[in-house]
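These numbers come from the heavy atoms of this one structure, side chains and all, not from hydrogens, waters or symmetry mates. Reminder, nothing fancy here: chain letters follow the sequence lines and each chain counts from 1.
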Amino acid sequence: MLDLKLIRANPEKIQELIDRRNGSYDVQPIVELDRASRELETKRSQLSARGNEIGKLIGKKIGSGSNPQGEEIAQLKAEGNKIKTKLSELEPQEKEFKAKIEALLLELPNLPDESVPLGKGEEENVEIKRWGDEYITDNQNPLPHWEIGEKLGILDFKRAVKVAQSRFVNLVGAGAALERALISFMLDTQIAAGYLEVMPPVLVNSASLQGTSQLPKFAEDSFKCSNDDLWLTPTAEVPVTNLYRDEVIEDSELPIHHCAYTPCFRREAGSAGRDSRGLIRLHQFNKVELVKVVAPETSEAEHQTLVENAEAILQALKLPYRILELCTGDIGFGAAKCYDLEVWLPSANMYREISSCSNFRDFQARRANIRFKQAGKKGTQYVHTLNGSGLAIGRTMAAVLENYQQPDGTVKVPDVLQPYLKREVL
RNA sequence: GGAGAGGUGGCAGAGUGGUUGAAUGCGGUAGUCUCGAAAACUAUUUUAGGGUCAAACCUAACGGGGGUUCGAAUCCCCCCCUCUCCGCCA
């Protein structure tokens, strides 16, 4: 959520920054509602002040012996009643204004950082780094991972579809073990890098989804439980960030660095027909997520190390990848700045997103009301939140299967995974 | 799911209609004392919105929402959450 005061003070500038994004958003209605709402608030609070005065006066008079049934008290009560009537008109109006402003603010995306490259869509993202060219296979006819997996008997899509729906997978034998190995390896690596592991609920309430900005705008992307105010989390970002919702954190507690393994659930509304085969786009997938809650002045540097922590996994697995800096037209709703890590998939002959590392600045903190207090300073400030995948497990499995496939149809186990899997070949 | 108890400031914990934003204790901050520290003592210490150059000042908040009243932490209604016992259960 954007700072209403900032919009009020600088509507043109805010509009200009939002216009850099894809999509049309208008701050003008907010500015106008805000003006009207503040006028109303001034009127209402003056009226309340007089009402409070009368209340205290009556109390004082009765306390000092006045007749509660007397003329003087009756007059005061009459005035109090008049004020009450007026307030009963003004109060709902003011509430309505504020609710409208809040609703509009919740629909407004974050401002892209000044440094984010201008662009309309993903084709204008900027590649800023490429790593591991030397590991790109020279195999001319690499198999797609789903074929490798089905041949090895470790990926079973058919039965998963029977049990659930399309876009689900059943992992079998070494497939399941590889998934576990990847999860453990990633967690161990990030824990060693200083992240504190958490294992949060994967059903989350609406307030949490609003806090991290999946709601209200993107409700159709998540699965909802019909009888409860609970949703299947689309990413660990939601439960982990919301651990601190409505909290005031001591600045000595910052920065907070969490890693978390969770399954993730996405409806993939609107992506029918895309990536319909394999592990790339499933309704349920596993992910190790990195979440940071930090002081504002450190968030830029924290963002850089977040990317490095995600990269470390790909480097350890010797998987070729590149880093894109997303342009203003492709950056996510809540992000001020975002880097995508894309891993090389030989069968597709292209890089595919495997991690997205975003700095939300105070956008989520404002929605989720996560603040911190500086020792010795009055008041509170909003924290900055960041998160990134470290990494998506299913896509990593796809990348491992494809990049490590051997001419004889087997798959070599990456060195760093061998201690976990206790085997060298799948 | 059934029965009961409860949700108050950073924490603990008073407060059942009237100058209560809220006693008291702990914690925090500043000071006195000290070479320094501890202890003791003194003072200070919620958040958000409006307002102001800045202040003053005003409003709101005692789980959430609604109601009664001139006036609600306190009374009434609905909801949420926590705890205890019972039931069920991995």
Side-chain angles (χ1 to χ4, degrees), chain A residues 1-9 30-106 199 201-211 225 227-231 239 242-254 256 263 362 365-383:
Chain A
M1 194 153 69
L2 299 182
D3 184 358
L4 183 56
K5 284 184 194 162
L6 205 66
I7 297 178
R8 186 187 297 159
I30 295 178
V31 174
E32 280 159 23
L33 280 169
D34 173 52
R35 193 178 303 128
S37 151
R38 273 185 300 150
E39 259 173 46
L40 207 57
E41 179 172 352
T42 304
K43 235 194 260 177
R44 195 225 77 230
S45 72
Q46 283 169 354
L47 213 53
S48 298
R50 176 58 187 160
N52 290 341
E53 207 175 357
I54 290 169
K56 280 181 187 168
L57 208 58
I58 292 176
K60 220 188 289 185
K61 289 203 185 272
I62 293 177
S64 60
S66 294
N67 176 11
Q69 257 61 260
E71 181 62 21
E72 199 185 7
I73 302 281
Q75 260 180 26
L76 285 170
K77 282 191 183 184
E79 191 187 348
N81 265 324
K82 237 188 240 170
I83 288 172
K84 196 154 65 159
T85 308
K86 272 191 208 156
L87 279 177
S88 70
E89 288 169 31
L90 293 185
E91 271 174 351
Q93 281 180 37
E94 187 187 344
K95 269 189 189 169
E96 201 182 316
F97 272 125
K98 296 213 155 139
K100 270 188 194 161
I101 292 169
E102 169 91 359
L104 289 174
L105 282 175
L106 285 171
M199 198 174 277
V202 297
L203 294 197
V204 296
N205 57 31
S206 297
S208 294
L209 283 163
Q210 180 174 303
C225 303
N227 292 332
D228 303 279
D229 177 32
L230 288 171
W231 306 65
N242 277 285
L243 291 174
Y244 299 98
R245 176 155 45 85
D246 291 323
E247 292 197 13
V248 178
I249 303 166
E250 287 298 321
D251 65 346
S252 58
E253 304 289 319
L254 299 178
I256 293 169
D362 61 3
R366 203 168 244 113
R367 289 175 160 248
N369 191 29
I370 308 174
R371 295 169 294 168
F372 77 104
K373 195 171 173 49
Q374 258 173 315
K377 256 194 169 182
K378 247 187 113 71
T380 58
Q381 293 180 65
Y382 288 109
V383 298

Could you list all N or O pairs between the protein and nucleotides 17-22 of chain B that sit under 3.5 Å apart?
residue : atom : partner : partner atom : Å
B/G18   : N2   : A/Gly55 : O            : 2.8

Pairwise [atom1] distance, [M] and [N] [rounded to whole Å]:
| N | M | atom1 | result |
| --- | --- | --- | --- |
| B/U20 | B/A14 | C1' | 12 Å |
| B/G7 | B/G64 | P | 13 Å |
| B/G21 | B/G2 | P | 40 Å |
| B/G66 | B/A72 | P | 14 Å |
| B/G65 | B/C70 | C1' | 24 Å |
| B/G1 | B/A12 | P | 28 Å |
| B/G17 | B/C86 | C1' | 38 Å |
| B/C57 | B/C62 | P | 23 Å |

Salt-bridged, A/Arg35 to A/Glu39, with N to O below 4.0 Å?
->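 No, this pair does not count.
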Residues two or more places apart in sequence or in another chain: which of them pass ring-ring contact (aromatic ring centres under 6.0 Å, His included) with A/Phe372?
->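 So A/Phe372 forms no ring-ring contact (aromatic ring centres under 6.0 Å, His included) with any residue.
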Among B/C70, B/A48, B/G49, the nucleotide that comes nearest once only the side chain of A/Arg371 is considered =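 Among the listed nucleotides, the one closest to the side chain of A/Arg371 is B/A48.
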Can you name the residues that form a salt bridge (charged side-chain N to carboxylate O under 4.0 Å, His left out) with A/Glu94, not counting sequence neighbours?
->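 Checked A/Glu94 against salt bridge (charged side-chain N to carboxylate O under 4.0 Å, His left out); matches are A/Arg44, A/Lys98.
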If you look at every strand shown and take non-hydrogen atoms under 4.0 Å, does A/Lys5 touch a base, only sugar-phosphate, or nothing?
->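 Since only primed, P, OP1 and OP2 atoms lie under 4.0 Å of A/Lys5, the category is sugar-phosphate.
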Taking side-chain contact (heavy atoms from CB on, under 4.5 Å) as the test, write out the residues that go with [X], two or more places apart.
| X | answer |
| --- | --- |
| A/Arg8 | A/Leu4, A/Lys5, A/Asp34, A/Arg38 |
| A/Lys56 | none |
| A/Ala36 | A/Phe97 |
| A/Glu102 | A/Met1, A/Leu106, A/Gln210 |

Pairing annotation in dot-bracket form, given for RNA chain B with Watson-Crick or G-U pairs under 3.5 Å and | for cross-strand partners | ((((((((.[[[..)..(.....]]]((((((.......))))))(((((......))))).[[[[[..)....]]]]])))))))....
In whole Å, what is the span from the CG atom of A/Leu4 to the P atom of B/A48?
->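 My rounded result for the distance is 15 Å.
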Quick one: pull up CD1 in A/Ile370 and CG in A/Leu243 and give me the separation to the nearest 0.5 Å.
->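 Here the interatomic distance stands at 9.0 Å.
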Rounded distance [0.5 Å steps], CG in A/Asp3 versus CG in A/Leu105 =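 That separation rounds to 9.0 Å.
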Report each atom pair, protein N/O against N/O of nucleotides 51-57 of chain B, whose distance is under 3.5 angstrom.
residue : atom : partner : partner atom : Å
B/G51   : OP1  : A/Arg38 : NH1          : 3.2

Closest-nucleotide 5' rank along RNA chain B - winner of A/Tyr382 and A/Asn81 =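 Whichever sits nearer the 5' end wins; that is A/Tyr382.
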Can you give the donor-acceptor pairs under 3.5 Å from side chains of residues 69-79 of chain A to other protein atoms, not counting sequence neighbours?
residue : atom : partner : partner atom : Å
A/Glu72 : OE2  : A/Lys61 : NZ           : 2.8
A/Glu79 : OE1  : A/Arg50 : NH2          : 2.9
A/Glu79 : OE2  : A/Arg50 : NE           : 2.9
A/Glu79 : OE2  : A/Arg50 : NH2          : 3.4

Please check if any side-chain donor atom of A/Asp229 sits under 3.5 Å from a side-chain acceptor atom of A/Asn205, or the reverse.
->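 Judged by distance alone, the side chains do not pair up.
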Mind listing the residues from residues 85-95 of chain A sitting with a heavy atom below 4.0 Å of RNA chain B? Number order is fine.
->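 Those residues whose heavy atoms fall under 4.0 Å from RNA chain B, taken from residues 85-95 of chain A in numerical order, are A/Lys95.
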Phosphate-side-chain proximity, A/Lys373 and B/U47, N/O vs OP1/OP2 below 4.0 Å =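 For B/U47, OP1 or OP2 has a side-chain N or O of A/Lys373 closer than 4.0 Å.
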A/Lys84 vs B/G71: side-chain N/O to OP1/OP2 distance below 4.0 Å =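 A/Lys84 to B/G71 OP1/OP2: side-chain N or O found under 4.0 Å.
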Of all the heavy-atom pairs spanning A/Gly80 and A/Ile54, show the shortest one and how long it is.
->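 That would be N-CD1, 4.0 Å.
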Evaluate the salt bridge (charged side-chain N to carboxylate O under 4.0 Å, His left out) criterion for residues A/Glu91 and A/Lys95: first the C-alpha distance (whole Å), next the side-chain angles of each, then the deciding distance (0.1 Å), finally the verdict.
-> CA-CA 6 Å; A/Glu91 271 174 351; A/Lys95 269 189 189 169; over 6 Å; no
Would you tabulate the nitrogen or oxygen pairs shorter than 3.5 Å linking the protein to nucleotides 58-60 of chain B?
residue : atom : partner : partner atom : Å
B/C58   : O2'  : A/Ser45 : O            : 3.4
B/U59   : OP1  : A/Asn52 : ND2          : 3.0
B/U59   : O2'  : A/Arg44 : NH2          : 2.1
B/A60   : OP2  : A/Asn52 : ND2          : 3.2

